Amino acid sequence: MSGEASSSGLVLEGLDDVEDYIWPNEGERSLSRDRFSHVFELVQNGNEAFRENRFEEAINCYSRANNIKPGDPIILGNRSAAFSRISQFLKQRPASASEYKPLNGLDPTIHAELALKDAEKVMNLRNNSVNPFMLKANALILLEKYELARDVILSGLQVDPFSNPLRASLHNLERIVANTLRRSFGKTERSDEFNCTLCLKLLYEPVTTPCGHSFCRSCLFQSMDRSNRCPLCRTVLFISSRTCSISVTLNNIVQKNFPEEYAERKSEHESLTNPGVDLIPLFVMDVVIPCQKFPLHIFEPRYRLMVRRIMEGNHRMGMVILDSATGSLVDFACEVEITDCEPLPDGRFYLEVESRRRFRILHSWDQDGYRVAEVDWVQDDPPKRKAELQDITNNAAEYAQSWLRRAKEAARQDRRRLEKLLNVEAMMPTPLDPERFSFWLATLSDRRPHEKLELLRIRDTEERIKRGLVYLSAAEQGCRVQ
């Protein structure tokens, strides 16, 4: 029987070729040399027939070899592949061809069952190899047992997570399932199988774990902030948000069959990643002022979730401190932009942030463990004497640059201090923007939280510049202004 098939139809991975037989090393033979030579010849003849699409002849050779040396994984694996190829050929053979030239013999289901039987024997003998999983999955697909086939493929990916044939087979299986659903129902009936078991809503950007469970991408990694195990079966997962991609086929099935509900889920997700112009997530740590640049390590689960959402949105959050007397949020804070985000293997994030605008918190609430606030963006009052303010700013800029030169000279032997001064110098804004310059001026000296908070509350640019100059003078004299 020839294995020619239509170019369209069922596509199976891992059936293009068979495994060559090898001579054993001396002392490892379980057969006499003559009998082994006969088995070797039969397998070679079977392989040649297989490669020329003469599958019935190949099966005959493999069966004769199996009679002489039963339970050999190479023989059984090659025969399983040949049975699958015949089944595949028969399933793809158009009806018109059968009417023109009818064939005798076993039906495709029987061939697939024989392929499955051989594949299961090979799996028992070589369960640390990818090939048995491929053979068994292909036989199950031919038998239209798609869920079982999917479980086998995912089990194989536990053996070798980087197996391209297994990944391709999983992709093909999802395509077959999608086509079957469209063909059988036209529109897929809504059922719980399309729900995320964590949020109990329609899957959005679904991710399928190596252990075979599907979740919303955001739900899975929110769960993994607390444990690196599958939320359902507790299998340890070696995946990260940076490398894990969504299941494109499953996502397409959900999007095409439930467009209205999918649109709602998308809108819901975007509201979390882009809260709006006057809404901002808050990182409760310290007071920062505009024109600062510094690193952050994010390790708490609630903030790891917040950072992932921020990175899908505008990369911005607010930094705020708690009032030591009341334990509540202070009224003023500063927006920071994440300029670099490096996910670490243990789930933490290393961030580089730069402070941008200040704001006043109108009210705040908890969202998934972290705080979100509605804010009012704050700017200084317009100066009454603009030209005079510009002169003050230019003079302050000259003094600051002179101060920096002296500070860098004094810090030549203190590498850490010198690096800090250079970083601050790099953030210097143009004096043509007095408001931003006034904040930068204050970053030249170390200020306590209550001092920085007071600078955020001040709306008089000239007043802030004067305070900055006082701070610099005090720092140079080695004392601190209270």
Side-chain angles (χ1 to χ4, degrees), residues 285-295 318-321 323-324 330-337 339 352-361 376-411 414 416-482:
M285 189 188 76
D286 197 3
V287 182
V288 299
I289 59 178
C291 298
Q292 287 185 281
K293 182 178 182 178
F294 50 92
M319 286 196 66
V320 66
I321 197 172
D323 189 311
S324 57
V330 297
D331 53 348
F332 277 74
C334 187
E335 175 194 56
V336 299
E337 180 179 2
T339 57
E352 290 280 352
V353 302
E354 293 184 12
S355 51
R356 301 299 188 210
R357 302 177 290 175
R358 57 183 165 148
F359 57 83
R360 184 169 63 90
I361 298 175
D376 181 26
W377 302 104
V378 178
Q379 287 185 311
D380 283 351
D381 296 329
K384 295 179 180 179
R385 300 180 298 275
K386 190 172 182 179
E388 184 177 336
L389 174 61
Q390 189 61 62
D391 290 339
I392 293 173
T393 305
N394 293 338
N395 292 334
E398 291 180 6
Y399 177 78
Q401 288 170 335
S402 175
W403 185 93
L404 272 172
R405 283 193 297 270
R406 294 192 298 272
K408 288 188 292 183
E409 182 69 21
D414 186 344
R416 182 175 297 181
R417 170 65 176 166
L418 181 60
E419 183 178 347
K420 182 178 179 181
L421 289 169
L422 292 172
N423 288 337
V424 172
E425 186 178 26
M427 292 294 292
M428 179 179 179
T430 172
L432 296 177
D433 186 347
E435 182 175 341
R436 283 189 61 78
F437 175 83
S438 68
F439 281 111
W440 173 82
L441 189 65
T443 67
L444 289 173
S445 58
D446 294 329
R447 311 283 15 116
R448 292 175 178 173
H450 75 272
E451 293 173 317
K452 291 188 286 185
L453 184 59
E454 187 61 28
L455 290 171
L456 291 176
R457 289 172 174 154
I458 292 174
R459 299 200 183 197
D460 186 328
T461 307
E462 183 177 340
E463 170 64 21
R464 194 180 304 107
I465 290 176
K466 290 179 179 178
R467 289 202 185 193
L469 292 172
V470 171
Y471 293 150
L472 282 189
S473 178
E476 196 164 34
Q477 296 171 18
C479 60
R480 178 181 288 276
V481 177
Q482 298 295 328

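This one's a predicted model, so the numbers in the text were calculated from it and none came from an experiment. Values below: every heavy atom of this structure, side chains too, minus hydrogens, waters and symmetry copies.
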Just grab all the salt bridge (Lys or Arg N to Asp or Glu O under 4.0 Å) pairs involving residues 399-411, residues at least two apart or on different chains.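 Of all non-adjacent pairs touching residues 399-411, those that pass salt bridge (Lys or Arg N to Asp or Glu O under 4.0 Å) are R406-E476, K408-E425, E409-R412.
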
Given the rule in the side-chain contact (heavy atoms from CB on, under 4.5 Å) test, do F437 and T430 qualify, once you have shown the distances and angles that lead to the verdict? CA-CA 7 Å; F437 175 83; T430 172; over 6 Å; no

Residues N394 and E398: side-chain donor-acceptor under 3.5 angstrom: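 The criterion, which ignores hydrogens and geometry beyond distance, is not satisfied for E398 and N394.
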
Drop me the distance from [X]'s [atom1] to [Y]'s [atom2], to the nearest 0.5 angstrom.
| X | Y | atom1 | atom2 | result |
| --- | --- | --- | --- | --- |
| E388 | D391 | CD | CG | 7.5 Å |
| M427 | R436 | CE | CZ | 7.0 Å |
| H450 | I321 | NE2 | CD1 | 11.0 Å |
| Y471 | L441 | OH | CG | 10.5 Å |
| K386 | T393 | NZ | OG1 | 11.5 Å |

Please determine whether side-chain contact (heavy atoms from CB on, under 4.5 Å) holds for the pair L456 and F439, giving the CA-CA distance in whole Å, both sets of side-chain angles, and the decisive distance to 0.1 Å. CA-CA 9 Å; L456 291 176; F439 281 111; 4.1 Å; yes

Checking the side chain of [X] only, and the main-chain atoms of [Y] only, is there a donor and an acceptor separated by less than 3.5 Å?
| X | Y | result |
| --- | --- | --- |
| W440 | P290 | no |
| Q390 | P431 | yes |
| R464 | L455 | yes |

I289 pairs by side-chain contact (heavy atoms from CB on, under 4.5 Å) with which of K452, E451, R447?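 One option only clears the test, and that one is K452.
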
Heavy atoms only: give me the nearest [X]-[Y] pair and the separation to one decimal.
| X | Y | value |
| --- | --- | --- |
| S438 | I465 | CB-CG1, 3.5 Å |
| Y399 | L469 | CD2-CD2, 3.6 Å |
| R459 | Q379 | CD-O, 3.9 Å |
| F294 | V288 | CZ-CG1, 3.6 Å |
| L453 | V287 | N-CG1, 3.7 Å |
| V330 | I361 | O-CD1, 3.6 Å |

Determine whether M319 and S355 satisfy the following criterion, side-chain contact (heavy atoms from CB on, under 4.5 Å), listing intermediate values before the conclusion. CA-CA 9 Å; M319 286 196 66; S355 51; over 6 Å; no

Take a 6.0 Å sphere around CD of E463 and say whether it holds more than 12 heavy atoms from other residues, nucleotides or ligands.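 Count over threshold, so yes.
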
Using the salt bridge (charged side-chain N to carboxylate O under 4.0 Å, His left out) rule, take R356 and E335 through it: C-alpha gap first, then chi angles, then the decisive distance, then the call. CA-CA 5 Å; R356 301 299 188 210; E335 175 194 56; over 6 Å; no

Can you name the side chain to side chain contact (heavy atoms under 4.5 Å, CB included) partners of E454, sequence neighbours left out?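 Testing E454 for side chain to side chain contact (heavy atoms under 4.5 Å, CB included), a comparison that skips the adjacent residues, returns R457, I458, R467.
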
Taking only residues two or more places apart in sequence, or in another chain, which ones meet S324 in a side chain to side chain contact (heavy atoms under 4.5 Å, CB included)?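 Scan of S324 (side chain to side chain contact (heavy atoms under 4.5 Å, CB included), adjacent residues dropped) gives none.
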
Tell me every residue that passes salt bridge (Lys or Arg N to Asp or Glu O under 4.0 Å) with E462, counting only those two or more places apart in sequence or in another chain.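 K466.
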
Can you name the residues that form a ring-ring contact (aromatic ring centres under 6.0 Å, His included) with W403, not counting sequence neighbours?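 By the ring-ring contact (aromatic ring centres under 6.0 Å, His included) rule, W403 matches no residue at all.
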
Just jot down the ring-ring contact (aromatic ring centres under 6.0 Å, His included) partners of F359, sequence neighbours excluded, or say none.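 Scan of F359 (ring-ring contact (aromatic ring centres under 6.0 Å, His included), adjacent residues dropped) gives W377.
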
